[in-house]
Protein chains: 2
Amino acid sequence: MIRVLIADDHPVVRAGLAAMVDSVPDLVVAGQVATPGHVVTAVDEFRVDVVLLDLSFGKDGSGVEALHDLRNHGSTVPVLIVTSFESERDILAAIEAGAAGYLLKDAEPDALVAGIRAAAAGEMALAPRVAQRMAQRLRSPHEALTSRELEVLHLVASGASNSQIANTLVVSEATVKSHLTHVFTKLDVSSRTEAVHQARQRGLMP
Amino acid sequence: MIRVLIADDHPVVRAGLAAMVDSVPDLVVAGQVATPGHVVTAVDEFRVDVVLLDLSFGKDGSGVEALHDLRNHGSTVPVLIVTSFESERDILAAIEAGAAGYLLKDAEPDALVAGIRAAAAGEMALAPRVAQRMAQRLRSPHEALTSRELEVLHLVASGASNSQIANTLVVSEATVKSHLTHVFTKLDVSSRTEAVHQARQRGLMP
DNA sequence: GTTGACGTCCAACTTTCGGTTGATGCGTCA
DNA sequence: TGACGCATCAACCGAAAGTTGGACGTCAAC
């Protein structure tokens, strides 16, 4: 009997996951929570074998935070990310934080159940599209943007000019340009708009 | 007894909506479909009183298409949009296509059931956030972009330069610039990146 | 039928803004 | 300590962006 905790802010999704889990004989919903903050206590409280964790909890925080909290509290319970986003950044962050798998919400019930079983058995469970994306990344490893570069890129995406960025970042305009040229070479583009587009494509930005 | 059709491409969401509907005594799930193309026949086949329709069906089409098909076939069944997107464009398109309401997937079960009842009774059902957004739009009516302007803006968003846009649209570069200045004044911005950002904010672009 | 508003299109002008190059201090890690 | 990466900056250059002004067609209103 595998006891599952469902953590998602959408009532509809909670109900759907619960229905799927409960329809399988040897799976049971141990509990449901709607905010990341309640995950840690819930894992303790109910004897949870596997956590189904959403990534985006609206304004209440993120699933990755909850995952970090969990690990900081010494819990080793396998956590299965179940989300509708498949951006590279999200996937990497989740896996680095110690997720046992990454499933997509458009998955068939079978895939979900299989993922839960795998996680409970200590194995890794990745949705096919996610696995493909990671493989692709390994093949052509993008050079990672530094945090400063990302910061600049975000401001660019919000429509700021170089001088405006320089003001808000309290650096010279030259610095901003420098960061941007680095971004361009790393992303293999030649203009700010292209850079924003590429970054979005690769899931580097919201 | 209100008979509900559920149309969504995500199995999890279908299961969740079904669970919610079935938990109410006088509501019943008449059927479920996973693609927009099956909505019309399903409405005929099962005696459907209300349709819960998702907007984004992945690559299989869109909910608005299904809604149009439905109306073209003479059906007047109330259709309730249930989606997680709340962009102005989506909302307007749905309402213009004859939706009986627009709910968000993060809604509580109560709100969902209330929406279904309202739709079945021939009333309108809007999620609070959606209603707020529409009210906001009525207060400050953005000047609508022409289709050509939107076309140009899309290309800008994808990182194209003016000359590239001119090529793909087979017009002069001057024309592109002209369109863009119009876009700028309408959106009250002064640069292409700002324009893209604003358009995204207002839900004019994907 | 005429007027006017609007959309699409274009040319020529100006210049700002963006991007390149090269160089410096600073921390870190081997 | 020496090499490397990151953040910072100055000065230069030129293309690409944006402005202005205008032509033409269409459609609706009057």
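Note that these values count all heavy atoms, side chains included, but never hydrogens, waters or copies made by symmetry. Naming convention: chains lettered A, B, ... in sequence-line order (proteins, then strands); numbering from 1 in each chain.
- On the nucleic acid side, DNA chain D contacts chain B at distances under 4.0 Å to non-hydrogen atoms, with the end points of that region at D:dA17 to D:dT19.
- With sequence neighbours left out, B:Ser190 forms a side chain to side chain donor-acceptor pair (under 3.5 Å) with B:Glu194.
- In plain terms, the two heavy atoms of B:Val39 and B:Leu5 that are nearest each other are O-CD2, 4.2 Å.
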### Query
How would nucleotides 12-30 of chain C be written as a contact map, 5' to 3', with B for base contact, S for sugar-phosphate-only contact and - for no contact, using protein heavy atoms under 4.0 Å?
------BBB----------
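- The salt bridge (Lys or Arg N to Asp or Glu O under 4.0 Å) analysis of residues 37-53 of chain B, with sequence neighbours excluded, yields no pairs.
- Contact annotation: B:Thr175 side-chain N/O to C:dC10 OP1/OP2 distance is under 4.0 Å.
- Side-chain N/O atoms of B:His179 include one lying less than 4.0 angstrom from OP1 or OP2 on C:dC9.
- Residue pairs that meet the side-chain hydrogen bond (donor to acceptor under 3.5 Å, both in side chains) test with at least one member in residues 107-118 of chain A, sequence neighbours left out, are A:Asp26-A:Arg117.
- Counting to the nearest Å, the P atom of C:dC6 and the NE2 atom of B:His182 are 11 Å from each other.
- Residues passing the salt bridge (Lys or Arg N to Asp or Glu O under 4.0 Å) test with A:Glu149, sequence neighbours excluded: A:Lys186.
- The two atoms that bring A:Ala100 and A:Pro78 nearest to each other are CB-CB, 3.9 Å, heavy atoms only.
- The two atoms that bring A:Ile165 and A:Ala160 nearest to each other are CG1-CB, 3.7 Å, heavy atoms only.
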### Task
Go through the steps to decide whether A:Leu27 and A:Met20 satisfy the test side-chain contact (heavy atoms from CB on, under 4.5 Å), and finish with yes or no.
CA-CA 9 Å; A:Leu27 300 187; A:Met20 287 184 179; over 6 Å; no
